[in-house]
Amino acid sequence: MTNFTLFDTTIGTCGIAWSGAGVTGVQLPEGSLATTRARLLHRNAGAEPTSAPSSVQSIIDSIIALFNGKAIDLTAVQLDDAHVPDFNRRVYAITRAIPLGSTRTYGSIASELGDPLLAQQVGQALGRNPFPIIVPCHRVLGANGKLVGFSAPGGVDTKRRMLLIERALPDEPLSLFS
């Protein structure tokens, strides 16, 4: 059985879904609470709304703290990725290893997978990431560090804001989005 709950953060209302095996999805804020909920349920069909158990509440608290600028490591969060294709799972594992405050490029992840020509496929996998924040796809940049390819609401502006919160863009002051 899959459950879900919504929670407030400094960037808006997010959602999280989980099963007995781990987190099945995270939803970043959409234009409205109803849209955020609908998008989470689209990716987690049949999920039931409920209060988060302490293990999930701890993850929620960590996500909120991360959005508040605290150095939080989410790599220990257990994911239920049984529905994720193998290639995407490999991309997500590499992406989860990007430390807070750091970035990588699509090409470097492709190279780590064994073929630098897979950069576009890496981008497609990250565009389908059901675990944003836990799998920090916002830390993956285009060639030469360009902020491209972020499919979450707000697109590149949201990506920039998240990287500023994590202090991964040293050339821009955090106050731009505070």
Side-chain angles (χ1 to χ4, degrees), residues 1-86 88-102 125-140 149-168 174 177-178:
M1 165 162 240
T2 303
N3 295 297
F4 80 94
T5 194
L6 302 175
F7 58 97
D8 292 323
T9 74
T10 57
I11 68 164
T13 301
C14 294
I16 189 167
W18 66 92
S19 70
V23 173
T24 61
V26 174
Q27 180 60 51
L28 295 176
E30 292 280 344
S32 70
L33 182 66
T35 307
T36 300
R37 185 179 197 270
R39 181 92 181 245
L40 182 69
L41 288 173
H42 176 74
R43 290 186 173 188
N44 295 274
E48 294 291 327
T50 189
S51 297
S54 60
S55 59
V56 174
Q57 187 60 51
S58 175
I59 298 166
I60 292 169
D61 293 343
S62 293
I63 291 171
I64 291 169
L66 183 63
F67 283 138
N68 286 329
K70 296 197 174 42
I72 302 291
D73 180 6
L74 298 172
T75 56
V77 172
Q78 180 67 41
L79 300 178
D80 178 353
D81 60 2
H83 63 288
V84 174
D86 182 61
N88 294 22
R89 196 176 297 127
R90 291 172 41 220
V91 169
Y92 300 161
I94 293 168
T95 304
R96 283 189 89 182
I98 303 170
L100 182 73
S102 299
L126 291 173
R128 292 183 188 96
N129 177 12
F131 316 105
I133 307 304
I134 297 172
V135 173
C137 52
H138 61 282
R139 296 180 189 158
V140 182
F150 196 59
S151 60
V156 172
D157 288 336
T158 299
K159 184 175 201 164
R160 179 184 313 280
R161 184 171 185 197
M162 292 167 64
L163 290 170
L164 287 169
I165 288 168
E166 295 180 358
R167 292 168 179 76
L174 182 60
F177 295 94
S178 300

Can you name the residues that form a salt bridge (charged side-chain N to carboxylate O under 4.0 Å, His left out) with R90, not counting sequence neighbours? none

Using a 4.5 Å cut-off on heavy atoms from C-beta on, say whether the side chain of E166 contacts that of H138. yes

Give the minimum heavy-atom separation between I11 and P29, together with the two atoms involved. O-CG, 3.4 Å

How would you list, by chain and number, every residue that makes a side-chain contact (heavy atoms from CB on, under 4.5 Å) with R37, sequence neighbours excluded? F4, L6, L41, P49

Contacts of type side chain to side chain donor-acceptor pair (under 3.5 Å), residue S102, not counting sequence neighbours: none

Under a 3.5 Å distance rule, please check whether T36 uses its side chain to pair with a backbone N or O of E30 as donor and acceptor. yes

Side chain to side chain contact (heavy atoms under 4.5 Å, CB included) assessment of T95 paired with N129: CA-CA 11 Å; T95 304; N129 177 12; over 6 Å; no

Do you know which two heavy atoms are closest between Q27 and R39, and how far apart they sit? OE1-CG, 2.9 Å

About how many Å separate OG1 of T5 and CD1 of I60, when rounded to the nearest 0.5 Å? 5.5 Å

Within a strict 4.5 Å, meaning less than it, do heavy atoms of the L66 and I165 side chains meet? no

Heavy atoms of A52 and W18 approach each other most closely as CA-CH2, 3.8 Å

Test of understanding: with side-chain contact (heavy atoms from CB on, under 4.5 Å), list the residues that count as partners of A65, not counting sequence neighbours. K70, I72

Is there side-chain contact between I63 and F7, with heavy atoms separated by less than 4.5 Å? yes

Roughly how far apart are C14 SG and I133 CD1, rounded to 0.5 Å? 7.0 Å

Nearest 0.5 angstrom please: I98 CD1 to C137 SG, how far? 9.5 Å

So, does K159 use its side chain to make a donor-acceptor pair with the main chain of R139 at under 3.5 Å? no

Residue list, side-chain contact (heavy atoms from CB on, under 4.5 Å) with E48, at least two apart or on another chain: M1, N3

Quick one: does T24's side chain have a donor or acceptor within less than 3.5 Å of a partner on S19's backbone? no

So, does R96 use its side chain to make a donor-acceptor pair with the main chain of T75 at under 3.5 Å? yes

Trace of the side chain to side chain contact (heavy atoms under 4.5 Å, CB included) decision for I59 with I134: CA-CA 9 Å; I59 298 166; I134 297 172; 4.1 Å; yes

For D8, side-chain contact (heavy atoms from CB on, under 4.5 Å) partners two or more places apart: T13

Selection residues 49-58 - residue pairs positive for side-chain hydrogen bond (donor to acceptor under 3.5 Å, both in side chains), sequence neighbours left out: Q57-D61

Can a donor-acceptor pair be found, under 3.5 Å and without considering hydrogens, that links the side chain of Y92 to the backbone of A125? yes

Give the intermediate values and the outcome of side chain to side chain contact (heavy atoms under 4.5 Å, CB included) for residues L40 and I16. CA-CA 8 Å; L40 182 69; I16 189 167; over 6 Å; no

Any salt bridge (Lys or Arg N to Asp or Glu O under 4.0 Å) pairs touching residues 73-83, not counting sequence neighbours? D81-R89

Within the side chain of N88, is there an N or O that forms a donor-acceptor pair under 3.5 Å with the backbone of V84? no

Is there a side-chain contact between P130 and V26 in this structure, where contact means two heavy atoms from C-beta onward sitting under 4.5 Å apart? no

To the nearest 0.5 Å, what is the distance between CZ (F131) and CG (L79)? 5.0 Å

